[in-house]
*Asks:* 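This is the structure, below, for whatever I ask next.
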Amino acid sequence: MRQTKPAGMTSGRQITSSPTAVVYCEGNFAQIDGKTANGLVRHSQAYRILSVIDSTYSGQDSGSVLDDVSNSIPIFGHLDAAVAHEAVIPDTLIYGMAPSTGRLSTADRGVVLQAIELGMNIVSGLHEYLGDDTEIANAASVRNVTIRDIRKPKPSKDMRLFDGSVAGVKALRIAVLGTDCAIGKRTTATFLARALNAKGIKTVLVGTGQTGLMQGAKYGVAMDAVPPQFCCGELEGAIVAASEAEQPDVILIEGQGALSHPAFCTSAFILRGSQPDAVILQHAPKRVHRCDFPDMPMPSPASEIALIEAFADTKVIGVTLNHEGMSEAEITTTIAALSLKLGLPVTDALARPAANLLAMVLAAYPGLTQRPSMAAI
């Protein structure tokens with residue numbers, strides 16, 4: 001499937017001032033559990049992505065594998081090959097998978113220890129904190145390298161309770177939610193932020209998951225690692241901080257899970273904590289069942305929209321597609337059929353021009369183009 005690359009979208013290689021990184025994604029690149037690696041090769045501000053490790057696609061270009069668009073970020077079969085490809089040892093190894101177990105396998109542990117021995121820092125989004133692992137922590141100490149556990153929350157004494165201050169935020173708040181987990185909410189939000197900023201509508205994306213924070217989201221919190229008591233307040237705090245520091249026209253909030261999904265509660269916290277003015281819903285028409293739940297059928301966009309609008313004082317202003325398993329003709333047909341059925345604009349952030357995403361927001365909020373806006377960030 002050929003991706004239409006939005007104006008201003010940069011690959012990891014175009015960022016020259018960030019630490020270099022190799023993304024480990026053995027057996028999962030371009031798959032659902034490889035969503036962290038997938039996101040990083042599409043967009044990264046915090047790290048300059050040099051390569052991906054996945055023996056399944058060894059020797060191929062990661063952009064071509066993922067989106068049929070070359071990005072000059074190669075895939076290697078193992079860490080030795082990735083390191084040998086560079087003139088100097090890369091700064092960082094990023095664990096680029098999000099397995100449902102949230103834990104490190106025996107084979108993965110060996111790769112992490114090998115990277116540490118080479119002097120590479122480690123970044124992980126697992127629920128298992130590598131910095132608390134005695135063997136890994138001791139090895140890092142010996143080699144004087146750092147371990148960054150993205151999902152490790154700050155102490156509860158430093159966490160923030162919801163206080164309603166989000167109501168004072170002047171920026172338009174739009175949450176990008178979905179009908180399932182790992183369905184493309186972060187990617188759509190990232191592309192939309194780029195399109196709005198390119199139009200001169202200053203937009204800040206607030207991250208709510210490990211990948212967005214790894215990509216370099218300036219504001220955000222890993223929601224699924226925060227105790228429920230503080231989820232709404234921590235997200236509210238990130239939004240208020242973004243509003244005060246950046247004075248944006250629009251704040252986009254990355255969604256997690258799905259409001260209708262019984263295995264996740266993060267969508268509920270996102271709706272409560274961000275109090276969004278509007279929602280964009282991401283849906284995969286060909287996905288038959290929820291990720292990792294073969295006996296749990298996918299909801300329809302209409303039912304999810306009804307649930308969202310009943311749960312929160314907000315409105316769904318459009319639907320975006322994840323085109324997994326779809327042909328070009330099916331994308332076109334589905335966009336037309338869903339738009340007619342729902343009475344909403346429908347597009348695909350990857351397979352259709354970014355202008356369509358922009359038009360979706362401007363159709364709901366035409367006044368955005370009339371605001372005096374600061375330079376895009």
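Predicted model only: the values in this text are computed from it and were never measured.
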*Asks:* Would you confirm whether Asp249, through its side chain, and Lys202, through its main-chain N or O, come within 3.5 Å as a donor-acceptor pair?
*Replies:* yes

*Asks:* Could you tell me whether a side-chain N or O of Arg173 sits under 3.5 Å from a main-chain N or O of Ser274, the two making a donor and an acceptor?
*Replies:* yes

*Asks:* Can you tell if the side chain of Pro301 reaches within under 4.5 Å of the side chain of Leu342, non-hydrogen atoms only?
*Replies:* yes

*Asks:* What I want to check is whether the side chains of Tyr219 and Glu246 have a donor and an acceptor closer together than 3.5 Å.
*Replies:* yes

*Asks:* Show the nearest heavy-atom pair for residues Ala82 and Ser51, with the distance to one decimal.
*Replies:* CB-OG, 3.6 Å

*Asks:* Side chain of Gln247, backbone of Ser243: donor and acceptor closer than 3.5 Å?
*Replies:* yes

*Asks:* With the 4.5 Å side-chain cut-off for hydrophobic clustering, are Ile183 and Ile253 part of the same group?
*Replies:* no

*Asks:* Closest heavy-atom contact between Ala30 and Tyr57?
*Replies:* CB-OH, 4.5 Å

*Asks:* With no hydrogens and no angle check, do the side chains of Gln256 and Thr208 hold a donor and an acceptor under 3.5 Å apart?
*Replies:* yes

*Asks:* Charged N to carboxylate O below 4.0 Å: is that the case for Glu324 and Arg287?
*Replies:* yes

*Asks:* Answer whether the closest heavy-atom distance between the side chains of Pro262 and Met296 falls below 4.5 Å.
*Replies:* yes

*Asks:* Starting at OG1 of Thr320, measure out to CD of Gln282 and round the result to the nearest 0.5 Å.
*Replies:* 3.5 Å

*Asks:* Is it true that Ser260 and Glu304 share a donor-acceptor pair across their side chains at a distance under 3.5 Å?
*Replies:* yes

*Asks:* Tell me if a side-chain donor or acceptor on Asp54 pairs with a main-chain N or O of Tyr24 at a distance below 3.5 Å.
*Replies:* no

*Asks:* Answer yes or no: is there a side-chain heavy-atom contact under 4.5 Å between Ile270 and Leu259?
*Replies:* no

*Asks:* Glu328 and Arg352: salt bridge (charged side-chain N to carboxylate O under 4.0 Å, His left out), yes or no, with the steps?
*Replies:* CA-CA 10 Å; Glu328 177 65 26; Arg352 292 296 179 269; 2.9 Å; yes

*Asks:* Would Val221 and Leu213 count as a side-chain contact (heavy atoms from CB on, under 4.5 Å) here? Give the steps.
*Replies:* CA-CA 8 Å; Val221 57; Leu213 297 176; 5.9 Å; no

*Asks:* Going only through I, L, V, M, F, W and Y residues with side-chain contacts under 4.5 Å, is there a path from Phe76 to Val41?
*Replies:* no

*Asks:* Testing the basics here: between Leu40 and Ser44, what is the closest heavy-atom pair and its distance to 0.1 Å?
*Replies:* O-CB, 3.6 Å

*Asks:* Taking all non-hydrogen atoms of both residues into account, name the closest pair between Arg272 and Cys232 and its distance.
*Replies:* CB-SG, 3.6 Å

*Asks:* Consider only side-chain N and O atoms of Asn121 and Thr92, and report whether a donor and an acceptor are under 3.5 Å apart.
*Replies:* no

*Asks:* Distance alone, cut at 3.5 Å: any donor-acceptor contact between the side chains of Asp224 and Gln210?
*Replies:* no

*Asks:* Is any NZ, NE, NH1 or NH2 atom of the basic residue among Arg109 and Asp133 found under 4.0 Å from an Asp or Glu carboxylate oxygen of the other?
*Replies:* yes

*Asks:* Report yes if some heavy atom in the side chain of Val22 is under 4.5 Å from a heavy atom in the side chain of Ile94; otherwise report no.
*Replies:* no

*Asks:* Determine whether the aromatic ring centres of Phe293 and His261 lie less than 6.0 Å apart.
*Replies:* yes

*Asks:* Are Thr20 and Tyr47 packed together at the side-chain level, in the sense that at least one heavy-atom pair is separated by less than 4.5 angstrom?
*Replies:* no

*Asks:* Take Lys152 and Asp132 through the side-chain contact (heavy atoms from CB on, under 4.5 Å) test and state the conclusion after the steps.
*Replies:* CA-CA 10 Å; Lys152 188 170 186 178; Asp132 292 344; 3.0 Å; yes

*Asks:* Taking side chain as C-beta onward, heavy atoms only, is Leu368 less than 4.5 Å from Leu172?
*Replies:* yes

*Asks:* State, with a plain yes or no, whether a side-chain heavy atom of Ile280 is found less than 4.5 Å away from one of Val361.
*Replies:* yes

*Asks:* Do Val111 and Ile116 land in one hydrophobic cluster if side-chain heavy atoms of ILVMFWY residues count as linked below 4.5 Å?
*Replies:* yes

*Asks:* Donor-acceptor check, side chain of Thr333 to backbone of Ala329, threshold 3.5 angstrom: yes or no?
*Replies:* yes

*Asks:* Is there a side-chain contact between Gln114 and Leu93, using heavy atoms and a 4.5 Å cut-off?
*Replies:* no

*Asks:* Drop me the distance from Cys25's SG to Asp33's CG, to the nearest 0.5 angstrom.
*Replies:* 8.5 Å

*Asks:* Would Ile136 and Val112 satisfy side-chain contact (heavy atoms from CB on, under 4.5 Å), going step by step from the backbone distance to the final call?
*Replies:* CA-CA 8 Å; Ile136 292 174; Val112 169; 4.3 Å; yes

*Asks:* Go through the side-chain N and O atoms of Arg42 and Ser62 and say whether any donor and acceptor fall under 3.5 Å apart.
*Replies:* no

*Asks:* Examine Ile32 and Leu66 and state if one hydrophobic cluster contains both, with Ile, Leu, Val, Met, Phe, Trp and Tyr joined whenever side-chain heavy atoms are less than 4.5 Å apart.
*Replies:* no

*Asks:* Closer than 4.0 angstrom, basic N to acidic O: yes or no for Arg160 and Glu236?
*Replies:* yes

*Asks:* Nearest 0.5 Å, please: how far is SG in Cys231 from CE in Met223?
*Replies:* 4.5 Å

*Asks:* I need the His78 NE2 to Ile53 CD1 distance, nearest 0.5 Å.
*Replies:* 9.0 Å

*Asks:* So, for Phe29 and Ala37, which heavy atoms are closest and what is the spacing to 0.1 Å?
*Replies:* CD1-CB, 4.0 Å

*Asks:* Answer yes or no for Lys315 and Tyr365: cation-pi contact, defined as NZ/CZ to six-membered ring centre under 6.0 Å and angle to ring axis within 45°.
*Replies:* yes

*Asks:* To the closest 0.5 Å, what do you measure between CG (Asp313) and CG (Asp277)?
*Replies:* 9.5 Å

*Asks:* Whether the Glu26 and Ser55 side chains hold a donor-acceptor pair (N or O, under 3.5 Å, no angle test) is what I'd like checked.
*Replies:* yes

*Asks:* In Å and rounded to the nearest 0.5 Å, what is the CG to OG1 distance from Asn38 to Thr187?
*Replies:* 8.0 Å

*Asks:* Taking atom types as modelled and ignoring hydrogens, do the side chains of Asp61 and Ser70 form a donor-acceptor contact shorter than 3.5 angstrom?
*Replies:* yes

*Asks:* How far apart are the closest heavy atoms of Thr211 and Gly39, and which atoms are they?
*Replies:* CG2-CA, 4.3 Å

*Asks:* Out of curiosity, does Leu192 fall in the hydrophobic cluster containing Leu350 (side-chain heavy atoms, cut-off under 4.5 Å, transitive links)?
*Replies:* yes

*Asks:* I'd like to check the side chain to side chain contact (heavy atoms under 4.5 Å, CB included) partners of Pro285; sequence neighbours left out, ordered by chain and number.
*Replies:* His283, Leu321, Met326, Thr334

*Asks:* Please report the C-alpha distance between Leu177 and Leu271 in whole Å, then the side-chain angles of each, then the deciding distance to 0.1 Å, and finally whether the side-chain contact (heavy atoms from CB on, under 4.5 Å) criterion is met.
*Replies:* CA-CA 9 Å; Leu177 305 183; Leu271 283 166; 3.8 Å; yes

